[in-house]
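By convention in this document, chain letters (A, B, ...) are assigned in the order of the sequence lines, proteins followed by strands, and residues within each chain are numbered from 1.
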Number of protein chains: 2
Amino acid sequence: MRTFVAVVDTGQFQDAATDLSITQQAVSKRIAGLEKYLAVRLFSRTPRGARLTIDGQAFLPHARELLRVAERAVASVLPGSRPLRVDVIASRTAPSGLMRGFHRAHPEIELDVVTLFDVETAVAAIRSGAIDASFRAVAMPGRPLPEDIESVWVLDEPLQLLTGPAHALAGARSVTVAQLAGHRIWMPGIVPGTEWAAYYDDLVAEFGLTIEATGPNFGSDALLDTIADTPGLATFMGEQTRLVWPAGHGLRRIPVTDPTPVYPHSLLWHRDNPHPALATLRAHLTAAAASHDAAGTWTPGWVIWR
Amino acid sequence: MRTFVAVVDTGQFQDAATDLSITQQAVSKRIAGLEKYLAVRLFSRTPRGARLTIDGQAFLPHARELLRVAERAVASVLPGSRPLRVDVIASRTAPSGLMRGFHRAHPEIELDVVTLFDVETAVAAIRSGAIDASFRAVAMPGRPLPEDIESVWVLDEPLQLLTGPAHALAGARSVTVAQLAGHRIWMPGIVPGTEWAAYYDDLVAEFGLTIEATGPNFGSDALLDTIADTPGLATFMGEQTRLVWPAGHGLRRIPVTDPTPVYPHSLLWHRDNPHPALATLRAHLTAAAASHDAAGTWTPGWVIWR
DNA sequence: TTAGTGCACAACTCACAGTTGTGTACCTTC
DNA sequence: GAAGGTACACAACTGTGAGTTGTGCACTAA
């Protein structure tokens with residue numbers, strides 16, 4: 001591809017060869033190989049150089065795009081000036097939406113989103129410089145954040161109950177936490193040992209709920225199918241979760257009250273991180289954040305805001 | 001890249017090797033080579049398979065994107081079901097804008113835009129199936145379109161005068177064609193023998209203008225610089241041409257009247273072309289087209305509408 | 001312990017990318 | 001019209017390196 005673009009830019013095999021520090025014959029072979037692979041003639045050879053054929057013209061923008069993407073791919077792991085790298089707790093929670101909003105507001109900022117195991121891993125990654133920021137609930141019981149990690153509260157995401165049409169609570173406009181006692185709530189894919197698991201452990205302990213975290217996560221589709229088809233089963237889901245809503249499943253989202261369990265999302269970053277886009281992200285989140293109103297909501301006691 | 005993605009998708013070097021019909025050792029070597037090139041560890045090897053590192057997670061979307069782009073690049077020259085391929089007369093004329101509008105309205109339609117030499121070449125390319133459609137002025141003097149080529153009028157693009165701030169006509173709100181007699185008008189990059197050149201030839205002959213078509217086209221920037229700096233020089237430019245307006249050059253666009261020379265853009269395509277997107281394009285252009293009002297405008301006598 | 005799984009290292013082989021050398025086509029110049 | 005220059009293709013050769021087979025090590029499960 002590089003050779004193809006070089007020939008286009010110089011207009012000659014000879015000059016492209018010079019640019020690439022190889023012989024004219026090598027360029028000829030490379031182009032011939034590409035043409036053979038594509039089963040299409042890309043250049044018409046003339047005594048004064050090479051001109052793109054129609055197929056070549058159509059191919060050219062794709063070739064340039066490929067080189068751009070390849071460059072970005074390398075840049076994404078290049079130490080030093082790589083894209084801002086942010087850890088989000090799961091692709092179906094509010095932070096993903098926040099990052100989408102940030103990308104819309106600043107499309108010029110290169111961004112890489114990853115998902116780490118838990119807040120411990122995230123903190124270690126931030127300290128080592130492997131990531132620049134992390135959306136997490138701070139912090140695990142009895143484990144204060146290290147001195148060099150800063151954090152700021154971003155938003156509380158209310159949990160909603162998701163049921164199928166045949167569920168006992170399907171008709172309710174809202175349910176209280178007390179009403180949920182005795183109902184089976186299924187949360188597959190919650191990994192033990194993470195702060196997310198700790199969150200639900202506390203929720204269970206405080207209100208006597210029955211949460212089944214067993215079983216691997218077969219993906220969002222499988223979860224929704226099961227919820228829709230099982231009258232005795234429900235699940236929790238973040239209010240801002242954007243589902244690919246399966247048509248005809250009759251799924252219901254029901255707000256939970258008295259109190260409303262909220263999952264507290266904070267942004268964590270390293271005190272000394274010099275990445276210019278990090279400041280932009282923090283400013284964006286500050287501007288987008290609603291004011292903090294904890295009235296009527298519940299979080300585990302170990303949650304820190306500072 | 002394919003190997004990297006295969007390992008991610010299967011979770012194991014072994015299974016990726018099976019998918020790719022190579023040995024596990026070859027996969028190991030490929031990944032090791034990629035990691036060496038990037039100077040970064042992409043997988044953490046465990047006795048139960050390979051897990052992405054943080055760098056690997058950041059790299060993954062770029063790798064997938066690269067494979068997608070590569071696939072599109074190949075598809076762009078694949079005979080049979082390739083993207084709609086449209087010839088536009090120049091990137092700075094109305095058809096380019098129309099195609100941008102079409103792409104915005106139908107982003108799902110794959111599109112390749114090329115620029116051919118003249119209407120003769122375009123017609124030949126349409127007949128051979130090399131392109132699907134062409135924006136051209138139909139037709140050259142004394143050369144009717146072949147029977148199997150259909151055409152429809154799309155729009156008339158009024159020409160405007162572009163001058164620098166020191167030009168004699170710079171202050172005019174509009175100029176008549178008669179006023180242009182005696183002024184030097186510079187149109188570099190017009191290739192003799194094309195229907196575009198024929199257009200200006202007719203314009204010169206009919207109104208006694210002085211149009212200099214000499215000199216190669218050094219690009220839009222060079223043209224604008226020269227126009228801005230040369231008080232005695234002006235150029236014609238399509239009304240819908242979107243310029244990267246150089247700041248501080250004081251360039252003026254001045255409408256031309258009595259009559260207004262317009263460049264007639266038509267769409268040409270092959271009667272039997274079965275490409276589904278072609279019908280969509282024609283419907284889009286019909287819907288977007290203004291009604292045809294030729295009053296007060298000028299085109300060469302050989303222009304055909306049918 | 002033993003068997004099994006999964007990846008890495010080592011040695012070998014051969015395909016092919018790149019090299020040098022040469023040929024052909026076409027344009028320019030006198 | 002002959003001579004020289006330019007630009008690309010073909011042919012023969014060479015060396016790198018991608019892939020193979022063979023083996024070893026680390027970890028898990030029974």
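- Scored by the side-chain hydrogen bond (donor to acceptor under 3.5 Å, both in side chains) test, B:Asp112 finds A:His62 as partners (sequence neighbours excluded).
- For the pair B:Gln24 CD and D:dC25 P, the computed distance is 16 Å after rounding to whole Å.
- Scanning for ring-ring contact (aromatic ring centres under 6.0 Å, His included) contacts around A:Phe43 gives A:Phe4, A:Phe13, with sequence neighbours left out.
- Taking A:Arg48 as the reference, nothing meets the side-chain hydrogen bond (donor to acceptor under 3.5 Å, both in side chains) condition, with sequence neighbours excluded.
- Partners of B:Phe135 according to the ring-ring contact (aromatic ring centres under 6.0 Å, His included) rule, which considers only residues two or more places apart in sequence or in another chain, do not exist here.
- Side-chain N/O atoms of B:Gln25 and base N/O atoms of D:dA18 include no donor-acceptor pair closer than 3.5 Å.
- Between the axis at the start and the axis at the end of the helix from C:dT1-D:dA30 to C:dC30-D:dG1 there is an angle of 30°, using five pairs per end and rounding to 10 degrees.
- Map A:Thr23 and B:Gln14 each onto its nearest nucleotide of DNA chain C; the residue landing nearer the 5' end is B:Gln14.
- For residues 27-54 of chain B, proximity to DNA chain D is found at B:Lys29, B:Arg30, B:Pro47, defined as any non-hydrogen atom under 4.0 angstrom from a strand atom.
- Legend: residues meeting side-chain hydrogen bond (donor to acceptor under 3.5 Å, both in side chains) with B:Asp201, ordered by chain and number and at least two apart, are absent.
- Under the side chain to side chain contact (heavy atoms under 4.5 Å, CB included) criterion, A:Arg30 pairs with A:Thr3, A:Leu20, A:Ile22, not counting sequence neighbours.
- Under the salt bridge (Lys or Arg N to Asp or Glu O under 4.0 Å) criterion, the residue pairs touching residues 9-20 of chain A are A:Asp9-A:Arg64, with sequence neighbours excluded.
- Where DNA chain C meets chain A (any atom under 4.0 Å from a heavy atom), the bounding nucleotides read 5' to 3' are C:dA17 to C:dC26.
- With sequence neighbours left out, B:Arg45 forms a side-chain hydrogen bond (donor to acceptor under 3.5 Å, both in side chains) with B:Glu35.
- In this view, A:Tyr199 and A:Tyr263, A:Trp298 satisfy the ring-ring contact (aromatic ring centres under 6.0 Å, His included) rule, not counting sequence neighbours.
- Using a 4.5 Å heavy-atom threshold, the side chains of B:Ile126 and B:Ser134 count as touching.
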